[in-house]
Amino acid sequence: MTESDSLRATTDVPGGLTTVEAGMWQAFRAGTVYDLRSGDAGVDDPHGGAPWGPERTVRALVVCWLLLDGPPALAGRVSSLKLTGVRITDPLDLAGGTVDPYVEMTGCRFEQEVRLPEARFTTVRLLDCAVPRLEAARVHTEGDLHLPRCRVPGGIRLTDARIGTDLLLNQAIVGPDRTGRAIIADGISVGQDLQGEMLRTEGELSLRSAQIGVSLSLRGARLTSSTTRNALNAPQLSVERTLYLSPAGLGNPVLTSGTTPARGTLVQRFEARGGIRLDDGRFGDSVDLEGARFLFREDQELSLRRVQTPELRFLGERPERGRVVLSGARIGNLVDRTTSWPGPGRLHMGGFAYENLVPQDAFPLPRRVEWVTAATAEYDPEPYERLAAVLRGSGEDEDAREVLLAKQRRRRETLPLAAKLWGYAQDWTVAYGYRPGRAAVWMAVLWAAASLAFAQNDPPPADPERHPHWNAPLFALDLLLPVIDFGQVGQWQLRGGWQWLAAAVIMLGWVLATTVAAGATRTLRRS
């Protein structure tokens, strides 16, 4: 700045401003940082208890004056408001205004709430600031809105906001408003990323019908809600790429799922003390729950009803209470592990469709069948059939048959006594047709036993003039196969116990024949 520029800047300061405000006025025209820090970290902490006196204080009215109707920039400069370590008194009210200058405030302390509803900005950055409350419904920014490390005990409202590029809430600490919600961002639109890594909320984070242009990252966030049902309430959320509810590393801010953090990295997992509601969400790449911890009450749940995403990474801790609901969800790859799923009665998967299973640990078929059984408190064939279809599609036909057999056994439990007994007969003989090799064994055993028994008998012929030669094995085979006639039955006169034995063989033959037919029909239908 030349001497003439400095003189002009000084003489252009309007009257009525304090010395500190006049310095801010001049820094605004020059586009330079106005830094009022003392150099003592304890005193300069905006969240600490050290008092900041008049030597660090400006009025909110003067800040608004600069932003809405400020003086022109000095020659060759771009005006901007860059404040560091400044205390701002009174409410900062820019509601409905249009702010062209760049705004960046670092380590500042606001004594009262900041009001930005329906205001328009280029870029706003509040870094590590103490803000009692931020009211910014329908705010519009062409660039970023940054609030990292800010502390906002009275909550943030961003309903229907339009953020041109990124919304950053990393390591922010946000308390509840009068309704018990910490961040209300229903209907918000973010052009690129919404980052809330290591975010801490004491109250509901509401993102209903929000639209995120790239990714939504809540890595390492800790969401708590004691007065509302949900810690994260985001039905109809749309994310073009990935939703991350996974760990964050302080020493490695680009820590991604499945990677090992560098030695010495402080890793913090995503944690929710309250329900998670993502119903009807659309996620272009994946939903990543790796390492997530869910601390639910009995009436709370992780709700993924009707979610659609190419990949669900269900790799968090098993919830000890509450429920996991996947009803109607449509997933491409289901990446999971046995230790992540809740127990019986806490998992609901009616209408849940997935195309591939990608287990990340030993997930044997019996455990997978238990997984399906845990999701069906009452008999429902659809989860079994879905699992069988996925296994068959990956070439595991034998495993698919085992799943369908488990379905039939589960169904048998719901049948009346007579049908249940018939089901046991089918299970013991040919396993409902899913193990047809058993039929040959039973038929052979029964035929051999009947042949040995009838070999001890020499019945008289029904027609002494015309009768075939007595052949016990052929006679037993004629009784056992109800459809084929070998010309033996009806040619001999059986009496007493032999008649009862013949009747028993015929009945068992019918049982075997019908079960084999049912199994063959099922096999042909699958083909």
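Note that the structure is a prediction, hence the values are computed from the model and not measured.
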*How far apart are the C-alpha atoms of S189 and R162, what are their side-chain angles, what is the distance that settles it, and do they pass the side chain to side chain donor-acceptor pair (under 3.5 Å) test?*
CA-CA 5 Å; S189 173; R162 297 291 178 267; 4.6 Å; no
_Applying side chain to side chain donor-acceptor pair (under 3.5 Å) to Y384 and T373, what does each step give before you reach the verdict?_
CA-CA 8 Å; Y384 292 93; T373 303; 3.2 Å; yes
*Give the intermediate values and the outcome of side chain to side chain donor-acceptor pair (under 3.5 Å) for residues S206 and D186.*
CA-CA 6 Å; S206 184; D186 300 335; 2.5 Å; yes
*For side-chain contact (heavy atoms from CB on, under 4.5 Å), just list the numbers for L67 and L94, CA-CA rounded to whole Å, side-chain angles, deciding distance to a tenth of an Å, and then say yes or no.*
CA-CA 9 Å; L67 294 177; L94 293 166; 3.8 Å; yes
*Evaluate salt bridge (charged side-chain N to carboxylate O under 4.0 Å, His left out) for E135 paired with R157, printing each intermediate quantity in order.*
CA-CA 5 Å; E135 177 65 50; R157 181 184 292 272; 3.4 Å; yes
*Taking it one step at a time, do E271 and L295 satisfy side-chain contact (heavy atoms from CB on, under 4.5 Å)?*
CA-CA 8 Å; E271 180 178 290; L295 304 173; 4.0 Å; yes
*Go through the steps for V33 and T106 under the test side-chain contact (heavy atoms from CB on, under 4.5 Å), then give the verdict.*
CA-CA 10 Å; V33 176; T106 303; over 6 Å; no
*asked:* For a side-chain contact (heavy atoms from CB on, under 4.5 Å) check, start with the C-alpha distance between V63 and L81, then their side-chain angles and the critical distance, and finish with the verdict.
replied: CA-CA 8 Å; V63 174; L81 186 66; 3.7 Å; yes
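With hydrogens and angles disregarded, no donor-acceptor distance shorter than 3.5 Å links the side chain of E301 to the backbone of G322. At distances below 3.5 Å, not a single donor-acceptor pair connects side-chain atoms of R313 with backbone N or O atoms of E290. A distance-only check finds a donor-acceptor pair linking the side chain of R318 to the backbone of W341 [under 3.5 Å]. The backbone N or O of S38 lies less than 3.5 Å from a partner atom in the side chain of D44, making a donor-acceptor pair. One N or O on the side chain of E21 and one on the backbone of R59 form a donor-acceptor pair closer than 3.5 Å. For R109 (side chain) and H47 (main-chain N/O), no donor-acceptor pair under 3.5 Å exists by modelled atom type. Formation of a donor-acceptor pair under 3.5 Å by the T309 side chain with backbone atoms of L312 is not found in this model. Side chain of R282 to main chain of D280: a donor-acceptor pair is present (N/O by atom type, distance under 3.5 Å, no hydrogens or angles). The backbone N or O of N356 lies less than 3.5 Å from no partner atom in the side chain of N333, so there is not a single donor-acceptor pair. Proximity of a side-chain donor or acceptor of R77 to a complementary backbone N or O of A30 within less than 3.5 Å is detected.
Under 3.5 Å, the side chains of D361 and T338 contain a donor-acceptor pair of N or O atoms. Residues S217 and E197 have side chains that bring a donor and an acceptor to within less than 3.5 angstrom of each other. Under the 3.5 Å distance criterion, with hydrogens and angles disregarded, no donor-acceptor pair is assigned to the side chains of Y244 and S286. Between E204 and N230, the side chains place no donor N or O within less than 3.5 Å of an acceptor N or O (distance only, hydrogens not considered).
Residues R56 and V86 are not in side-chain contact: their nearest non-hydrogen atoms beyond the backbone lie 4.5 Å or more apart. Looking only at side-chain heavy atoms (C-beta outward), L17 and V62 come within less than 4.5 Å of each other. The side-chain heavy atoms of S209 and L237, taken from C-beta on, include no pair separated by under 4.5 Å. The shortest distance between side-chain heavy atoms of F121 and Y102 does not fall below 4.5 Å. P359 places a side-chain heavy atom less than 4.5 Å from the side chain of R368. Counting only heavy atoms from C-beta outward, the side chains of F283 and S238 never approach each other to under 4.5 Å. When side chains are defined from C-beta on, M24 does not count as touching V20, because their heavy atoms never get closer than 4.5 Å. In this structure, the side chains of I183 and T201 come closer than 4.5 Å at one or more pairs of heavy atoms.
Ion pairing between D144 and R125 holds under the 4.0 Å rule for side-chain N and carboxylate O. By the 4.0 Å N-to-carboxylate-O rule, E202 lies too far from R222 to be salt-bridged with it. The pair K82-E104 does not count as a salt bridge, with every side-chain nitrogen at least 4.0 angstrom from each carboxylate oxygen.
One finds the CD1 atom of I156 at 5.5 Å from the CG atom of L147 (value rounded to the nearest 0.5 Å). Put simply, CZ on R323 and CG on L302 are 11.0 Å apart, with the number rounded to the nearest 0.5 Å. For the atom pair OG1 of T376 and CH2 of W371, the computed distance is 11.0 Å after rounding to the nearest 0.5 Å. Atom CZ in F352 sits 9.0 Å away from atom CG in L347 (nearest 0.5 Å). We find the OH-OG distance between Y34 and S80 to be 14.5 Å, quoted to the nearest 0.5 Å. Atom CG of L127 is separated from atom OG1 of T84 by 8.5 Å, given to the nearest 0.5 angstrom.
Residue-environment remark: CZ (R337) exceeds the threshold of 12 foreign heavy atoms within 6.0 Å. R37 CZ: 12 or fewer foreign heavy atoms inside a 6.0 Å radius. In R305, the CZ atom is crowded: over 12 heavy atoms of neighbouring residues, nucleotides or ligands sit closer than 6.0 Å.
Shown here for G97 and L68, the closest heavy-atom pair between the two residues is CA-CD2, 3.9 Å. A pairwise comparison of heavy atoms in V99 and V103 identifies CG1-CG2, 4.1 Å as the closest pair. Of all heavy-atom pairs between A221 and G196, the closest is CB-O, 3.7 Å. Listed here is the closest heavy atom pair of R181 and R208: NH1-NH2, 4.2 Å. The nearest pair of heavy atoms linking S215 to V239 is CA-CG1, 3.9 Å. Contact detail for D193 and D166: the closest heavy-atom pair is N-OD1, 3.0 Å.
Each of L205, L207, D177, L158 was compared with I184 under the side chain to side chain contact (heavy atoms under 4.5 Å, CB included) criterion, and only D177 meets it.
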